[in-house]
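Below is one structure; the comments refer to it alone.
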Amino acid sequence: MRYDLIIFDNDGVLVDSEPISNRLLAAYLTELGHPTSYEESIRDYMGSAMHRIHDLVLERTGRRLPDDFDDVFHARVFAAFERELKPVAGVGGVLEKLAADGVPYCVASSGSHERIRVGHRTTGLDRWFVKERIFSSQDVGRGKPAPDLFLYAAERMGVAPERCLVVEDSPLGVQAAVAAGMDVYGFTAMTPAPKLARANQLFSRMGELADLLV
């Protein structure tokens with residue numbers, strides 16, 4: 001194994017949540033008078049912490065989102081997760097192999113701790129991620145594309161950044177990993193490969209990852 005720690009993004013990498021959350025985000029922003037298509041939500045907000053959504057809307061429109069925006073949005077997302085959410089195909093086998101080989105891994109997500117827990121519980125991935133392996137943008141001052149979250153996860157896991165590999169599916173996440181001085185593999189299942197071009201390696205099926213790590 002070339003790395004001492006594998007850091008997974010969560011949405012779109014561990015749980016197949018991006019279609020659900022971006023569909024709901026586009027609908028909610030449109031409802032609030034900020035017309036947004038699903039494709040625009042993917043382009044502009046995929047991989048973002050919630051504060052970045054607020055910042056971009058304010059920057060573009062001069063209007064602030066409602067104070068209860070996060071709570072309403074998360075309530076809608078969590079309800080949809082309970083009905084629809086699945087793990088990313090093949091990720092269970094990757095985690096099983098890492099655990100069997102004794103390779104340390106964790107998750108570092110732009111989502112809140114509650115969002116991570118709900119997604120993992122719904123999909124059964126909670127068996128692989130104890131609390132000590134879960135890191136959220138809530139834990140740091142700045143979310144992706146800043147490197148803070150990945151550096152924090154590496155520090156808490158006791159591994160130097162240059163010995164870490166990040167698995168990401170968003171341009172913001174790839175940018176954050178590069179800024180942290182970590183290698184990064186880009187998962188292109190939902191994101192066009194050119195948008196993840198700064199990654200060290202690209203792959204399109206999660207089942208490929210185990211072989212790439214050897």
When you group the ILVMFWY residues by side-chain heavy-atom contacts below 4.5 Å and let the links chain together, are [Y] and [X] in the same group?
{"X": "Val107", "Y": "Ile20", "value": "yes"}
{"X": "Leu58", "Y": "Leu32", "value": "no"}
{"X": "Val94", "Y": "Leu14", "value": "yes"}
{"X": "Met182", "Y": "Leu98", "value": "no"}
{"X": "Val103", "Y": "Tyr185", "value": "yes"}

List the steps and the verdict of side chain to side chain contact (heavy atoms under 4.5 Å, CB included) for Val13 and Met206.
CA-CA 8 Å; Val13 171; Met206 188 55 65; 4.0 Å; yes
Atom of [X], atom of [Y] and distance for their closest heavy-atom approach:
{"X": "Leu196", "Y": "Ser170", "value": "CD2-C, 3.5 Å"}
{"X": "Pro161", "Y": "Leu151", "value": "CG-CD2, 3.8 Å"}
{"X": "Leu125", "Y": "Val91", "value": "CD2-CG1, 4.2 Å"}
{"X": "Val88", "Y": "Gly12", "value": "CG2-O, 3.7 Å"}
{"X": "Asp4", "Y": "Val159", "value": "CB-CG1, 3.8 Å"}
{"X": "Lys97", "Y": "Ala210", "value": "CD-CB, 3.7 Å"}

Can a donor-acceptor pair be found, under 3.5 Å and without considering hydrogens, that links the side chain of [X] to the backbone of [Y]?
{"X": "Ser136", "Y": "Gly111", "result": "yes"}
{"X": "Ser110", "Y": "Gly47", "result": "yes"}
{"X": "Thr36", "Y": "Thr30", "result": "no"}
{"X": "Arg163", "Y": "Arg2", "result": "yes"}

Are side-chain heavy atoms of [X] and [Y] found at a separation under 4.5 Å?
{"X": "Val77", "Y": "Tyr28", "answer": "no"}
{"X": "Leu209", "Y": "Phe8", "answer": "yes"}
{"X": "Ser41", "Y": "Leu29", "answer": "no"}

Working to the nearest 0.5 Å, report the span between [atom1] of [X] and [atom2] of [Y].
{"X": "Leu5", "Y": "Arg133", "atom1": "CG", "atom2": "CZ", "value": "9.0 Å"}
{"X": "Ile116", "Y": "Ile134", "atom1": "CD1", "atom2": "CD1", "value": "6.0 Å"}
{"X": "His74", "Y": "Leu24", "atom1": "NE2", "atom2": "CG", "value": "11.0 Å"}
{"X": "Asp16", "Y": "Phe81", "atom1": "CG", "atom2": "CZ", "value": "10.0 Å"}
{"X": "Leu149", "Y": "Gln138", "atom1": "CG", "atom2": "CD", "value": "11.0 Å"}
{"X": "Ile6", "Y": "Leu213", "atom1": "CD1", "atom2": "CG", "value": "5.0 Å"}

Apart from Met190 itself, which Ile, Leu, Val, Met, Phe, Trp or Tyr residues share its cluster (side-chain heavy atoms under 4.5 Å, direct or through members)?
Tyr38, Ile42, Met46
Residues Ser21 and Arg115: side-chain donor-acceptor under 3.5 angstrom:
yes
Distance-only polar pair, side chains of Asp169 and Thr191, donor-acceptor under 3.5 Å:
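No donor-acceptor contact under 3.5 Å links the two side chains.
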Charged N to carboxylate O under 4.0 angstrom, Lys144 versus Asp9?
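Yes, Lys144 and Asp9 are salt-bridged.
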Is any side-chain N of the basic residue among Asp148 and Arg142 closer than 4.0 Å to the acidic one's carboxylate O?
yes
Could you give me the CA-CA distance, side-chain angles and deciding distance for Leu65 and His34, then say whether side chain to side chain contact (heavy atoms under 4.5 Å, CB included) is met?
CA-CA 10 Å; Leu65 291 171; His34 306 287; 3.9 Å; yes
Holding to side chain to side chain donor-acceptor pair (under 3.5 Å), I want the full list of residues that pass it with Ser37, two or more places apart in sequence or in another chain.
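Ser37: side chain to side chain donor-acceptor pair (under 3.5 Å) contacts with Glu40.
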Write out all pairs satisfying salt bridge (Lys or Arg N to Asp or Glu O under 4.0 Å) with one or both partners inside residues 117-131, taking only residues at least two apart or from two chains.
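Pairs touching residues 117-131 that pass the test: Glu82-Arg121.
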Sorted by chain and residue number, the ring-ring contact (aromatic ring centres under 6.0 Å, His included) partners of Phe135 (sequence neighbours excluded) come out as Tyr152
Does the side chain to side chain contact (heavy atoms under 4.5 Å, CB included) test come out yes or no for Val140 and Phe150, once each step is laid out?
CA-CA 10 Å; Val140 295; Phe150 290 140; over 6 Å; no
Answer yes or no: are there more than 12 heavy-atom neighbours, outside Asp67 itself, under 6.0 Å from its atom CG?
no
Residue pairs involving residues 106-133 (criterion ring-ring contact (aromatic ring centres under 6.0 Å, His included); sequence neighbours excluded)
Tyr105-Phe129, His120-Phe129
side-chain hydrogen bond (donor to acceptor under 3.5 Å, both in side chains) partners of residues 43-53, not counting sequence neighbours, each pair once
Asp44-Arg60, Ser48-Arg52
Dump the intermediate steps for side chain to side chain contact (heavy atoms under 4.5 Å, CB included) on Arg198 and Val184, then the final yes or no.
CA-CA 8 Å; Arg198 297 184 70 190; Val184 54; over 6 Å; no
